[in-house]
Amino acid sequence: MFWTLGSGVFFWTAFEALMLWAMANGYAPMLQWTQNPLWFIALFFLTPLWISFHFYWIHRLLHWPPLYKIAHSLHHRNTNIGPWSGLSMHPLEHFLFFSSVLIHWLVAAHPIHILFHMQHQALTAATSHAGFEGLLVKNKKSMALGNFHHQMHHRYFECNYGSLDVPWDKVFGSFHDGTEQSHEQFTQRRRELARRSA
């Protein structure tokens, strides 16, 4: 809770305020509904794709040993994850994590897109660490939270860097689904990396 509220909320608020200020003062491009209604709506669907892509690569960068030691190891103290684990990060990691919103210095958006972007990014960090695989309503899975996917990351470190929104881990070869076959592929990748770095 300390890192989430003390550092996470600070960076969340700072990036949101920066972007809203930049738009209000003409430093960041502004998109109005009347300019392009289709693009205005499309941004609500494209933003989660961008967030997941950005998160995947920032997360892999944070596993680079110097950055892991300085910053990301704090997040990995959470071996049995829960909702407060999602934003339990070092300030450097919070800065990198929330920096995905800076895309709107290049891609025009409306303040409502900025609010959506920041809420989506912060709240999915909590749900992906919820401690539950999904939300059941009347015995039907109504929301996939992906806890097992991310639990595997907290267990093995070099897998499942992304979220389940977009299968970046499958695309870039870092997926682990907990099966023996998947674990064998994972250990083979580890051996390959160790051999290359030796």
Mind running side chain to side chain contact (heavy atoms under 4.5 Å, CB included) on Leu102 and Met19 for me, showing each step along the way? CA-CA 8 Å; Leu102 298 179; Met19 291 308 303; 4.1 Å; yes
Please tell me if the side chains of Met118 and Trp12 come closer than 4.5 Å, counting only heavy atoms from C-beta onward. yes
Give, for atom CG of Leu43 and atom NE2 of His104, the distance between the pair rounded to the nearest 0.5 Å. 6.5 Å
Quick one: sort the Phe172 and Phe53 rings into parallel, tilted or perpendicular, breaks at 30° and 60°. tilted
Tell me, do Pro111 and Met23 make a side-chain contact under 4.5 Å, heavy atoms counted? yes
Around atom OH of Tyr27, are there more than 12 heavy atoms from other residues, nucleotides or ligands closer than 6.0 Å? no
Using a cut-off of 6.0 Å, state whether more than 12 heavy atoms not belonging to Phe95 lie near its atom CZ. no
Give me the ring orientation class for His113 and His110: parallel if the planes are under 30° apart, tilted from 30 to 60°, perpendicular past 60°. perpendicular
Between His75 and His90, a side-chain donor and acceptor under 3.5 Å: no
Check for me, please, whether Phe116 and Trp33 land in the same ILVMFWY cluster - side-chain distances under 4.5 Å, paths through other members count. yes
Considering only heavy atoms from C-beta outward, does the side chain of Phe40 approach that of Ile112 to under 4.5 Å? yes
Would you say the side chain of Pro91 lies within less than 4.5 Å of the side chain of Trp3, judging by non-hydrogen atoms? yes
Within a strict 4.5 Å, meaning less than it, do heavy atoms of the Ser52 and Trp168 side chains meet? yes
Rounded to the nearest 0.5 Å, what separates atom CD1 in Ile51 from atom CD1 in Ile103? 11.0 Å
Verdict with supporting geometry, Ser88 and Met1, side chain to side chain contact (heavy atoms under 4.5 Å, CB included): CA-CA 7 Å; Ser88 178; Met1 288 175 67; over 6 Å; no
What is the minimum heavy-atom distance between Thr124 and Gln121, and which atoms define it? OG1-O, 3.3 Å
How about CD on Gln32, more than 12 heavy atoms from neighbouring residues, nucleotides or ligands closer than 6.0 Å, or not? yes
For a quick test of reading the model, state the closest non-hydrogen atom pair linking Tyr56 to Gly162 and the distance between them. CD1-N, 3.6 Å
Could you check whether any side-chain heavy atom of Phe45 comes within less than 4.5 Å of a side-chain heavy atom of Ile41, counting everything from C-beta outward? yes
Is any side-chain heavy atom of Trp64 closer than 4.5 Å to one of Leu67? yes
Show the numbers, then the answer: is there a side chain to side chain contact (heavy atoms under 4.5 Å, CB included) between Phe15 and Ser99? CA-CA 7 Å; Phe15 273 112; Ser99 70; 4.1 Å; yes
Measure the shortest side-chain to side-chain distance between Leu62 and Leu92 over non-hydrogen atoms and say whether it is less than 4.5 angstrom. no
Could you walk me through whether Leu18 and Val101 satisfy the side chain to side chain contact (heavy atoms under 4.5 Å, CB included) test, starting with their C-alpha distance in whole Å, then the side-chain angles of each, then the deciding distance to 0.1 Å, before giving a yes or no? CA-CA 10 Å; Leu18 170 69; Val101 78; over 6 Å; no
Shared hydrophobic cluster for Trp105 and Phe11 (ILVMFWY, side-chain gaps under 4.5 Å): yes
Closest heavy-atom pair, His117 versus Trp50, reported as atoms and distance to 0.1 Å, is CE1-CD1, 3.8 Å
Ring centers of Tyr68, His76 separated by less than 6.0 Å: yes
